[in-house]
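Notes follow once the structure below has been shown.
Indexing begins at 1, ligand by ligand and atom by atom, following the structure's order.
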Amino acid sequence: MSVEALKGRDLLSLADLNTSEVLSLLDLAVALKAGKVRSRCCKVLGLLFRKASTRTRVSFSVAMYQLGGQVIDLNTSTTQVSRGEPTIDTARVLDRYLDILAIRTYEQQELETFAHYSQIPIINALTDLEHPCQVLADLLTIQERFGGLEGLTLAYLGDGNNVAHSLMLGCALVGMNVRVATPKEYQPDQAIAQLAKKLAGDRTQILLTSDPEAAADGAHVLYTDVWSSMGQEDLAATRIPIFQPYQVNQRLLDAADSRAIVLHCLPAHRGEEITDEVMEGSHSQIWDQAENRLHAQKALLVSLLGAD
Ligand code: CP
Ligand code: NVA
């Protein structure tokens, strides 16, 4: 696939990409990271974020600056968005100014509305349902470590949230097995699970379980995320005891493959979903993972914007 194939498209869900498109994006990210290809653009990216962000905001901005483009940080509290301007109006106006727009919000529906009323590419920079840009960086990190993706097993432990959803779709697309271990009431969205199973076909296994040890057993990747996502802060105290058995700690790491890597999308609540020991230990690839947000998103920007 040529990167031109993605020109003008939206990325609202990882399932908007097919297997060859994901693998081509990873190839381009590898080449950009190694300085083997240089891409220049003079386009403008808007960042419309309704939730806090460190990595996504900074990595998208740096990626765009390194490509020669510009970024406008559309803080929702200082735009008319905070005064209730209808999304269908904001979307059509921003479409006239910007070349590409990354949105972080709550409802996936808001992203769909932006995409419907805009011609420019709309990127999901995290919703309650998905975090596809994160998972492109995660796959790049796993590929770097193992030299490939197909046939590997990722165990996700914790809340069946946006990151879990995109991981299920991403792993299904690249031929990885996924085991998602959550408390029974916190399983991933059933529609996403069905979609992941459909994408995986009979190539790989998508397993939902409430048994963390069974999930971690022999896995090549242990992955966790916060137990209470943005917007769920009030539930944190109630959730901690429920999720405690799913903590990524040395005991679970001992059950995994001896070469296993540990990933966390960050920010982490050390001592809750992951111990300090594991986060700082030799299996942790968390800092490379965070760096790869930059390279994966640069590849995405180059591909969605196409050549000038
Ligand atoms: N992982 C991630 O998306 O981090 P931020 O919330 O800091 O952007
Ligand atoms: N699940 C987390 C991911 C943060 C990057 C959240 O939505 O807050």
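The side-chain contact (heavy atoms from CB on, under 4.5 Å) search around Arg270 returns Asp276, Met279, Glu280, Trp287, not counting sequence neighbours.
Of the possible donor and acceptor atoms, one in the side chain of Asp10 sits under 3.5 Å from a partner among the backbone N and O of Ile122. In this structure a side-chain-to-backbone donor-acceptor pair under 3.5 Å is present from His165 to Asp189.
In the hydrophobic clustering (ILVMFWY side chains linked at under 4.5 Å, chained through shared members), Val62 is joined by Val58, Leu294. Through direct or relayed side-chain contacts under 4.5 Å between Ile, Leu, Val, Met, Phe, Trp and Tyr, Trp227 connects to Tyr186, Ile240, Ile242, Phe243.
By the criterion of a heavy-atom distance under 4.0 Å, neither the backbone nor the side chain of Leu126 is placed next to ligand 1. Under 4.0 Å from ligand 1, the heavy atoms of Gln134 that appear belong solely to its side chain. Counting heavy atoms under 4.0 Å from ligand 1, residue His264 does not touch it at all.
Taking each heavy atom of Leu304 and Pro121 in turn, the nearest pair found is O-CG, 3.8 Å. Closest non-hydrogen pair, Arg239 versus Ser228, comes out as CD-OG, 3.3 Å.
Among protein heavy atoms, the minimum distance from atom 2 (C) of ligand 1 is reached at Arg293 NH1, 3.3 Å. Protein heavy atom at the shortest distance from atom 4 (O) of ligand 1 is Arg55 NE, 2.9 Å.
Checking Asn292 against Glu144 by side-chain atom types alone, a donor-acceptor pair falls below 3.5 Å. When only modelled atom types and interatomic distance are considered, Thr153 and Asn177 share a side-chain donor-acceptor pair under 3.5 Å.
In summary, the atoms of ligand 1 found under 4.0 Å from a heavy atom of Thr54, numbered by their order in the structure, are 5 (P), 7 (O), 8 (O).
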Extract all N/O-N/O pairs under 3.5 Å that connect ligand 2 to the protein, and present each with both atom names and the distance rounded to 0.1 Å.
residue, atom, partner, partner atom, Å
ligand 2, 1 (N), Asn161, ND2, 3.3
ligand 2, 1 (N), Asn162, OD1, 2.8
ligand 2, 1 (N), Asp225, OD2, 2.6
ligand 2, 1 (N), Ser229, OG, 2.7
ligand 2, 7 (O), Asn162, ND2, 2.8
ligand 2, 7 (O), Ser229, OG, 3.4
ligand 2, 8 (O), Met230, N, 2.8

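Here Ile142 contributes atom CD1 and Leu263 contributes atom CG; the two are 5.5 Å apart, rounded to the nearest 0.5 Å.
Counting only non-hydrogen atoms, the option in Arg104, His131, Met230, Lys51 that gets closest to atom 6 (O) of ligand 1 is Arg104.
In terms of N/O distances under 3.5 Å, ligand 1 is not approached by Arg57.
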